[in-house]
Amino acid sequence: MSVLFDEPGPKAVRRIRVATVLGTLAVVALAVLAVRQFAANGQLDAARWQPYATWPMWRYLLNGLWSTFLAAVVSAVLAMAFGLLLALGRLSPRAWVRGPSAAYVEVVRTIPALLLVYVVLFALPRYGLDLPLFWKLVVPLTVSNAAAYAEIFRAGINSVERGQMEAGLAIGLTRLRAMLLVVLPQAARRVLPSLVSQSVGLLKDTSLGFVVSYGELLYSGKVLAAYNGLLIQTYLVVALIYLVVNMSLSKLARVLEARQSVTLRRRTGGA
């Protein structure tokens, strides 16, 4: 069971299944139409795909994928740390801490990450703050995703039974130490699938490196397509790489959530 939303009822499940089937049929129809158009225009000819059977092409794209992972991992680590501080701030009994933390989360969640990229790219240099290329991508992703991670952590902390905090206080821990040593470890385990899911979204957001000319996967695909003239083939290969990576991470999130559900049922004596 997720700590972020209630389980859907029977009617909602039926509607989700119908929407899934219709969506799948629509995607399949579009894919068939696209393949027919590509074939009619010679885009599926073997000669156009042969370059992608060579190692230099894949080495270049894998270097771009590595840059994507590097930006995603650094952004995720910083955003999680900042998000945890924001979550603790929102749960603070002190209004002067709780208010700014809540304001940050509510405001930043409404701002597109692309707009933050433009702020770092164009606005900050006017005030003498011209960040290195890597940080022009990482900083806006961190600022944007910290708000989402904050809500995930806050939901996880709120899902831990109140008695856990009270038990920590009863044995002489301060409120902060009880939160760090007792509540947070339990909350982190409960929201781990949600953290992975949010990180998948962050990984996709690294494609905004295209805007700042950071050499992530999408930008590498742009450069490669300009070099070899194989626009459709290059972007289809890039899309396939994104698909494999994101589906693998999404599968990991589902596995973690399933294991978490089994563990929860065992602890509560369920079937």
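Small disclaimer: the values here were computed from a predicted structure and weren't measured.
No donor-acceptor pair under 3.5 Å is formed between the side chain of Ser144 and the backbone N or O of Leu141. Formation of a donor-acceptor pair under 3.5 Å by the Trp58 side chain with backbone atoms of Tyr52 is found in this model. Under the 3.5 Å distance criterion, the side-chain polar atoms of Ser75 are left unmatched by any main-chain donor or acceptor of Ala72. At distances below 3.5 Å, at least one donor-acceptor pair connects side-chain atoms of Ser159 with backbone N or O atoms of Gly156. Proximity of a side-chain donor or acceptor of Glu216 to a complementary backbone N or O of Tyr219 within less than 3.5 Å is detected. Counting only distance, with no hydrogens or angles, the side chain of Glu151 and the backbone of Ala147 share no donor-acceptor pair below 3.5 Å. For the pair Ser67 (side chain) and Asn63 (backbone), a donor-acceptor distance under 3.5 Å is present.
What you find for Gln186 and Gln164 is that their closest heavy atoms are NE2-OE1, 2.9 Å. Across all their heavy atoms, Leu249 and Val196 have their closest contact at O-CG1, 3.6 Å. Pairing each heavy atom of Val182 with each of Gly168, the nearest pair is CG2-CA, 4.5 Å. Across every non-hydrogen atom of Ser213 and Leu133, the tightest pair is O-CD2, 3.4 Å. Residues Val108 and Val143 come closest through the heavy atom pair CG1-O, 3.3 Å. Summarising the geometry of Ser220 relative to Tyr60, their closest heavy-atom pair is O-CE2, 3.2 Å, with the distance given to 0.1 Å.
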- Query: Taking it one step at a time, do Leu195 and Phe153 satisfy side-chain contact (heavy atoms from CB on, under 4.5 Å)?
  - Reply: CA-CA 9 Å; Leu195 293 176; Phe153 280 123; 4.1 Å; yes
- Task: Dump the intermediate steps for side-chain hydrogen bond (donor to acceptor under 3.5 Å, both in side chains) on Ser199 and Tyr149, then the final yes or no.
- Result: CA-CA 9 Å; Ser199 298; Tyr149 283 121; 2.8 Å; yes
- Start with the C-alpha gap between Val138 and Leu131, add the side-chain angles, then the distance that decides, and say whether side-chain contact (heavy atoms from CB on, under 4.5 Å) holds. CA-CA 10 Å; Val138 169; Leu131 299 176; over 6 Å; no
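With a 4.5 Å cut-off on side-chain heavy atoms, Met57 and Asn228 count as touching. The side-chain heavy atoms of Leu62 and Trp66, taken from C-beta on, include no pair separated by under 4.5 Å. Side-chain contact between Leu184 and Leu84 is present, with at least one heavy-atom pair separated by less than 4.5 Å.
Applying the side chain to side chain donor-acceptor pair (under 3.5 Å) definition to pairs two or more places apart or across chains, those involving residues 122-141 are Asp130-Lys136.
Using a 4.5 Å cut-off between side-chain heavy atoms of Ile, Leu, Val, Met, Phe, Trp and Tyr, with links allowed through other members, Val139 and Leu70 fall into the same hydrophobic cluster. Both Ile232 and Val223 sit in one connected hydrophobic cluster of ILVMFWY residues. Membership requires side-chain heavy atoms under 4.5 Å apart, directly or through other members. Follow the hydrophobic side-chain contacts under 4.5 Å out from Tyr214 and you never reach Val73; the two are in separate clusters. Trp49 and Val244 are not part of a single hydrophobic cluster, where members link through side-chain heavy atoms under 4.5 Å apart. Cluster membership check: Tyr242 shares its hydrophobic cluster with Leu224, using side-chain heavy-atom separations under 4.5 Å among Ile, Leu, Val, Met, Phe, Trp and Tyr.
The line from CE of Met165 to CZ of Arg162 is 9.5 Å long, rounded to the nearest 0.5 Å. Here CG of Leu61 is found 6.5 Å from CG of Leu217. Values are rounded to the nearest 0.5 Å. We find the CE-CG distance between Met179 and Leu88 to be 6.0 Å, quoted to the nearest 0.5 Å. A distance of 11.0 Å separates CG of Leu208 from CG of Leu115, quoted to the nearest 0.5 Å. With values rounded to the nearest 0.5 angstrom, Leu137 atom CG is found 9.0 Å from Thr142 atom OG1. Summarising the geometry, atom CD1 belonging to Ile241 is positioned 11.5 Å from atom CG belonging to Leu236; distances are rounded to the nearest 0.5 Å.
A distance below 6.0 Å separates the ring centres of Tyr104 and Phe82.
Summarising the local packing, OH of Tyr118 is surrounded by 12 or fewer heavy atoms from other residues, nucleotides or ligands at distances under 6.0 Å.
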